[in-house]
Amino acid sequence: MNRVLVVSAAMGEGHNATGRALEDAVHRLWPDADVAWLDTLDVMGSGVGPLFRWIYVSNVQRTPWLYEYFYRSLWRHRWFATASKRFVGAWCGRRLAGRVEDYAPDLVLSTYPLGSAGLEWLRRHDRLPMPTGAWISDFAPHPFWVYGSLDLTFVMHAQAVPPALACVPESTVEVSAPPVRATFRPGDRDTARERLGLPPGAFVALVSCGSLGFGDVEDAARALLAAHPEVVPVVVCGRNTALQRRLAPLAEADPRLRVLGWTDEMPAYTIASDVVVTNAGGATGLEALACGRPVLMHRPIAAHGRANAQLMADAGLAIVCETDAELGDAVRTLIAEPQRWKAMAEAATRHCDSTGTLEDGLLALTGVRPARELR
């Protein structure tokens with residue numbers, strides 16, 4: 001394998017994080033491979049990236065009802081999903097065509113749904129002969145994620161297979177190992193806490209809502225502090241410096257609260273935690289899963305966030321907390337009933353053990369080993 005193309009997008013950090021994990025796996029399999037990247041939104045045109053990021057953040061924070069309406073419409077009206085995907089596919093595919101042909105990759109890996117739409121357009125127009133796969137980095141697939149013309153679509157859990165096939169029945173679906181960096185893996189909690197300066201006997205709740213740090217993070221921090229005196233919340237604000245400033249007075253009032261900005265220590269903090277608190281369940285949920293940590297989904301954001309939360313809960317990997325009171329109740333339950341925490345952690349570990357490695361998925365895509373097609 002000489003050339004590999006990753007088609008992603010800077011929409012937060014989740015899609016690129018998936019791409020980086022796949023790039024690492026490519027180099028473990030084929031050390032001399034050249035890996036190139038295309039940002040789908042940049043390819044689609046000047047100003048598209050900033051506009052789409054503004055639309056996404058605005059919908060989540062200000063008009064979640066509109067975001068939810070669009071998401072539900074994709075599921076309720078097949079014609080709407082098909083038309084939307086064809087429109088985006090033609091827009092993106094025409095602009096991807098020259099870039100893909102110039103690079104001439106041996107393998108194409110997509111981590112962003114609009115990029116997958118463009119790649120399917122290329123495939124339907126006989127301009128994508130090389131193996132091409134898509135990794136759905138959300139726990140719950142939605143119609144914009146799934147394309148039957150691509151060779152393989154990778155989902156994050158067996159629970160995600162039926163909804164993926166409901167989107168596009170002719171697609172070929174396989175369960176992937178969590179597409180996270182190799183440093184996200186089970187580790188010794190006490191050792192991680194000692195290195196990070198966290199109390200060994202506390203119940204550490206890692207609060208992470210992605211690089212954008214949006215959602216009800218402040219309320220989550222307050223609810224965790226009020227839940228139990230043993231709880232130590234560690235809040236990662238990502239690049240949201242305004243959130244970090246708002247949390248500073250709360251941390252001064254209660255030293256149990258640790259507030260961080262952007263950090264490269266997320267693997268260590270995840271290993272050091274007892275639970276991971278988030279509101280969308282994308283990359284953060286997958287990182288928790290890879291480390292064998294239960295997830296508490298606090299006030300899931302609209303649309304894909306709610307879908308991710310429900311699917312993770314159905315798989316026994318998360319507890320959905322729609323209110324601050326439910327978040328406090330969940331924490332107190334896990335402290336009072338350690339067997340409940342153990343069962344969720346073991347479910348995460350069993351799942352990761354059963355999915356093999358990212359290298360297995362790459363080999364399936366290239367035809368070196370048969371794909372475990374799930375229908």
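We use all heavy atoms of the structure for the numbers below, so side chains are in, but hydrogens, waters and symmetry mates are not.
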Step by step, would you call K342 with E337 a salt bridge (charged side-chain N to carboxylate O under 4.0 Å, His left out)?
-> CA-CA 9 Å; K342 183 179 179 182; E337 303 174 16; over 6 Å; no

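- S116 OG to I136 CD1: the interatomic distance, rounded to the nearest 0.5 Å, is 8.0 Å.
- Using a cut-off of 4.0 Å between Lys/Arg side-chain N and Asp/Glu carboxylate O, D329 and R332 are scored as salt-bridged.
- Under a cut-off of 6.0 angstrom, the local environment of OH in Y103 is crowded, with over 12 non-hydrogen atoms contributed by other residues, nucleotides or ligands.
- Inter-residue side-chain proximity for S110 and T132 is flagged as unmet; no heavy-atom pair is nearer than 4.5 Å.
- R181 and D24 are joined by a salt bridge, as a carboxylate oxygen and a charged side-chain nitrogen come within less than 4.0 angstrom of each other.
- There is a path of hydrophobic side-chain contacts, each under 4.5 Å, that joins L96 to F87.
- Within 6.0 Å of the CD atom in E194, the count of heavy atoms belonging to other residues, nucleotides or ligands does not exceed 12.
- A salt bridge links E322 with R306; the closest basic N to acidic carboxylate O contact falls under 4.0 Å.
- Between M130 and D106, the closest side-chain pair of non-hydrogen atoms is not below 4.5 Å.
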Side chain to side chain contact (heavy atoms under 4.5 Å, CB included) between T111 and L22, worked out = CA-CA 9 Å; T111 69; L22 291 171; 3.8 Å; yes

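- Minimum interatomic distance between A90 and W121 (heavy atoms only, all atoms of both residues): CA-CD1, 3.5 Å.
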In sequence, state the C-alpha distance, the side-chain angles, and the governing distance for L334 and V275, and then conclude on side chain to side chain contact (heavy atoms under 4.5 Å, CB included).
-> CA-CA 9 Å; L334 293 176; V275 294; 3.6 Å; yes

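- Heavy-atom neighbours of F80 CZ from other residues, nucleotides or ligands within 6.0 Å: above the threshold of 12.
- Considering only heavy atoms from C-beta on, T18 stays 4.5 Å or farther from F154 through its side chain.
- Side chains of H228 and F203 form no contact here, defined as non-hydrogen atoms less than 4.5 Å apart.
- In terms of modelled atom types and a separation under 3.5 Å, the side chain of D138 and the main chain of P141 share no donor-acceptor contact.
- Side chain of T323 to backbone of E326: a donor-acceptor contact under 3.5 angstrom is found.
- For the pair R193 and D188, the salt-bridge criterion is not met [side-chain N within less than 4.0 Å of a carboxylate O].
- Using a 4.5 Å heavy-atom cutoff, the side chains of R99 and V43 are in contact.
- Minimum heavy-atom separation, P179 to L286: CD-CD1, 3.9 Å.
- The pair E265-R195 meets the salt-bridge criterion, since a charged nitrogen lies less than 4.0 angstrom from a carboxylate oxygen.
- Heavy-atom minimum distance, R78 versus P169: NH1-CD, 4.4 Å.
- V173 and W75 fall into different hydrophobic clusters, where Ile, Leu, Val, Met, Phe, Trp and Tyr are joined by side-chain heavy atoms under 4.5 Å apart, directly or via other members.
- Judged by distance alone, the side chain of E170 and the main-chain N or O of G148 form no donor-acceptor pair under 3.5 Å.
- Contact check on D216 versus R299 returns a salt bridge, with a Lys/Arg side-chain nitrogen under 4.0 Å from an Asp/Glu carboxylate oxygen.
- Across every non-hydrogen atom of Y147 and F144, the tightest pair is OH-O, 2.8 Å.
- A pairwise comparison of heavy atoms in T40 and C92 identifies CG2-SG, 3.6 Å as the closest pair.
- Within a 6.0 Å sphere centred on CZ of R86, other residues, nucleotides and ligands contribute 12 heavy atoms or fewer.
- W54 is connected to V60 through a chain of hydrophobic side-chain contacts under 4.5 Å among Ile, Leu, Val, Met, Phe, Trp and Tyr, so both are in one cluster.
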Check against ring pair (Phe, Tyr, Trp, His ring centres under 6.0 Å), H304 and Y71 | CA-CA 8 Å; H304 76 286; Y71 183 85; 7.4 Å; no

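- L51 and L114 fall within the same hydrophobic cluster, where Ile, Leu, Val, Met, Phe, Trp and Tyr residues are linked whenever their side-chain heavy atoms come under 4.5 Å apart, directly or through other members.
- What you find for P294 and D274 is that their closest heavy atoms are CD-O, 3.4 Å.
- Side-chain contact check for L165 versus S171: some heavy-atom pair is nearer than 4.5 Å.
- In the hydrophobic clustering of this structure, I55 groups with V57; members are Ile, Leu, Val, Met, Phe, Trp, Tyr whose side-chain heavy atoms approach within less than 4.5 Å, directly or through other members.
- V236 has its side chain out of reach of V207: every pair of non-hydrogen atoms, C-beta onward, lies at least 4.5 Å apart.
- At least one donor-acceptor pair closer than 3.5 Å links the side chain of R256 to the backbone N or O of V231.
- When side chains are defined from C-beta on, I335 does not count as touching W341, because their heavy atoms never get closer than 4.5 Å.
- In terms of modelled atom types and a separation under 3.5 Å, the side chain of R53 and the main chain of M11 share no donor-acceptor contact.
- Judged by distance alone, the side chains of H298 and D324 do bring a donor and an acceptor atom under 3.5 Å apart.
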Under the side chain to side chain contact (heavy atoms under 4.5 Å, CB included) rule, what do M297 and T278 come out as? Steps first, then yes or no, please.
-> CA-CA 5 Å; M297 293 290 286; T278 188; 3.5 Å; yes

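- For the pair E120 and K85, the salt-bridge criterion is not met [side-chain N within less than 4.0 Å of a carboxylate O].
- Counting non-hydrogen atoms of neighbouring residues, nucleotides and ligands closer than 6.0 angstrom, the CZ atom of R340 reaches no more than 12 such neighbours.
- The CG atom of L296 lies 10.5 Å from the CE atom of M312; values are rounded to the nearest 0.5 Å.
- Annotation: the span from R185 atom CZ to E287 atom CD amounts to 13.5 Å, rounded to 0.5 Å.
- Between the side chain of N308 and the main chain of A140, a donor-acceptor pair closer than 3.5 Å is present.
- If you take CG on N16 and CG on D39, they are separated by 6.5 Å, rounding to the nearest 0.5 Å.
- Side chain of T366 to main chain of L363: a donor-acceptor pair is present (N/O by atom type, distance under 3.5 Å, no hydrogens or angles).
- Classification of the H77-W79 ring pair by plane angle, with boundaries at 30° and 60°, yields tilted.
- In this structure a side-chain-to-backbone donor-acceptor pair under 3.5 Å is present from S273 to T270.
- The CG atom of L206 lies 11.5 Å from the CD1 atom of I271; values are rounded to the nearest 0.5 Å.
- Aromatic ring orientation, H15 versus Y112: perpendicular (interplanar angle above 60°, classes split at 30° and 60°).
- Ring-plane geometry between F139 and H157 is classed as tilted, the angle between the planes lying from 30 to 60 degrees on a 0 to 90 degree scale.
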Would Q310 and D314 count as a side-chain hydrogen bond (donor to acceptor under 3.5 Å, both in side chains) if you check the C-alpha gap in whole Å, the side-chain angles of each, and the deciding distance to 0.1 Å?
-> CA-CA 6 Å; Q310 189 57 58; D314 291 344; 2.9 Å; yes

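- Looking only at distances, no side-chain donor or acceptor of R3 sits under 3.5 Å from a matching main-chain atom of D34.
- How far SG of C237 is from CD of E218: 9.0 Å, rounded to the nearest 0.5 Å.
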Please test L109 against L5 for side chain to side chain contact (heavy atoms under 4.5 Å, CB included), starting from the C-alpha separation and ending with a verdict.
-> CA-CA 6 Å; L109 315 175; L5 179 63; over 6 Å; no

